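Have a look at the structure below before the remarks.
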Amino acid sequence: MANHHIKNGEMLLYSSVISLTPPYSFERLLRRLETHPDPQLLVNVQESTLRRVFRVGARPILVSLQFAGTMEQPFIRLHTEVTLSASEQQLLEKTIRHVFSADLDLNPIYEHMRQQQPMVILTERFRGLRLMLDSDLFQSMVKTIIGQQINLAFAAALTQRLMELAGDVMVDETGHKFMAFPTEEAVARLEPTDLRPLQFSQRKAEYIIDYARAIVNGTVDLDRLWQMEDDEIIEHLTAQRGIGRWTVECLMMFGMGRPDLLPAADIGLRNGLQMVYELAEKPDEKEIRRIGEDWRPWRSVYSLYIWEAVGAVRRKETWE
DNA sequence: GGCCAGGCTAGCA
DNA sequence: TGCTAGCATGGC
């Protein structure tokens, strides 16, 4: 549903409504950002609004979103201040539906989780939580590589510095600067020496630039991934230096939105699993995969909820 | 100052 | 196949 209209005297050149599958908790989505910062987003918690730049094709477009309705009847209003062609409208809506996990039905997953006693409290506490995905696979991979072995806050700082160095800037009517994530071409043109002053390690700088070049020269074809099985994707991408299993699992989970990934090497997941399952020792990767067998075919969602238990503790949320 | 962060590679048995 | 030192930096 798209139309043109006047609001508060301003011309909103494109607007539409995105339907969502309940239950959907905007509050949880936004609260997660407190512990998982994303420098691309401008969030207003009081008004449940979010603004960021999406690339529609190659064109960066500033998009304003308002979360509306209720947990059981949720929807998103979106608008832009530029006109969009019909195909751009379709592409933008498809991207938004993907990014906000609009079509994921949590009900059967909760039913599944309730069979795992330690998960019951999480299905109640985090009801309606789902992932906000990355908007494309290039930036998803780059952000995941950046996030290897460093804390989330530092990773967000490095991501922001990369965007400031090589991304596109858009300024809104209030003067706020919005960063669009760099294209693969822009990153491919960089040298590791460009990233070292931003506090990237030498190796991480090489990994990211090599990856961008592999896409530009066709060694890696991201569009083909959507047709491939999880195991094939792991095999294909871990052939690249700097990309290990954890990184590809995160790409499939945060970038592709696949439902059954278990990044078992993840330190946050190890800590969370120990906490939620009340284990005497921190589980290793093998132990996590063993426990996770009971979570099929929804291991991504289990992982998210276990991570979020850690996030809630960090945010000092009270558990009533 | 020591240890931990949403790991990966290279080298070695 | 499986194990481990080394990597680099920030935050507590």
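For clarity, every value in this text was computed on a predicted model and none was experimentally measured. Note that these values count all heavy atoms, side chains included, but never hydrogens, waters or copies made by symmetry. In the text below, chain A, chain B and the rest are named by the order of the sequence lines, each starting its count at 1.
Two rings, from A/Tyr110 and A/His112, have their centers 6.0 Å or more apart.
Sequence order on DNA chain B of the closest nucleotides to A/Met253 and A/Gly242 puts A/Met253 first from the 5' end. Comparing A/Ala153 and A/Ile150 by the nucleotide of DNA chain C whose heavy atom lies nearest to each, the residue mapping closer to the 5' end is A/Ile150. Between A/Tyr207 and A/Gly147, the residue whose closest nucleotide on DNA chain B is further toward the 5' end is A/Gly147.
With distances taken from any side-chain atom of A/Trp246 to the nucleotides C/dT9, B/dT9, B/dC8, the minimum falls on B/dC8.
Checked by atom type and distance alone, the side chain of A/Asp194 pairs as donor or acceptor with a backbone atom of A/Glu191 at under 3.5 Å.
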Polar-atom pairs under 3.5 Å, protein N or O versus N or O of nucleotides 4-6 of chain C: list them with distances, or write none.
residue: C/dG6; atom: N2; partner: A/Arg203; partner atom: NH2; Å: 2.7

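The same atom, P, is picked in B/dG11 and in C/dA8; the two are 15 Å apart, to the nearest Å. The separation of C/dA5 from B/dC3, taken at their P atoms, amounts to 14 Å, rounded to a whole angstrom.
A/Trp295 has its side chain out of reach of A/Asp260: every pair of non-hydrogen atoms, C-beta onward, lies at least 4.5 Å apart.
Counting only Watson-Crick and G-U wobble pairs whose two distances sit under 3.5 Å, DNA chain C takes part in these stems of three or more pairs: B:2-5 with C:9-12, B:7-13 with C:1-7.
Using a cutoff of 4.0 Å between basic side-chain nitrogens and carboxylate oxygens, A/Arg270 and A/Asp284 are not scored as salt-bridged.
In this structure, A/Asn271 reaches the B/dA5 phosphate: one of its side-chain N or O atoms is under 4.0 Å from OP1 or OP2.
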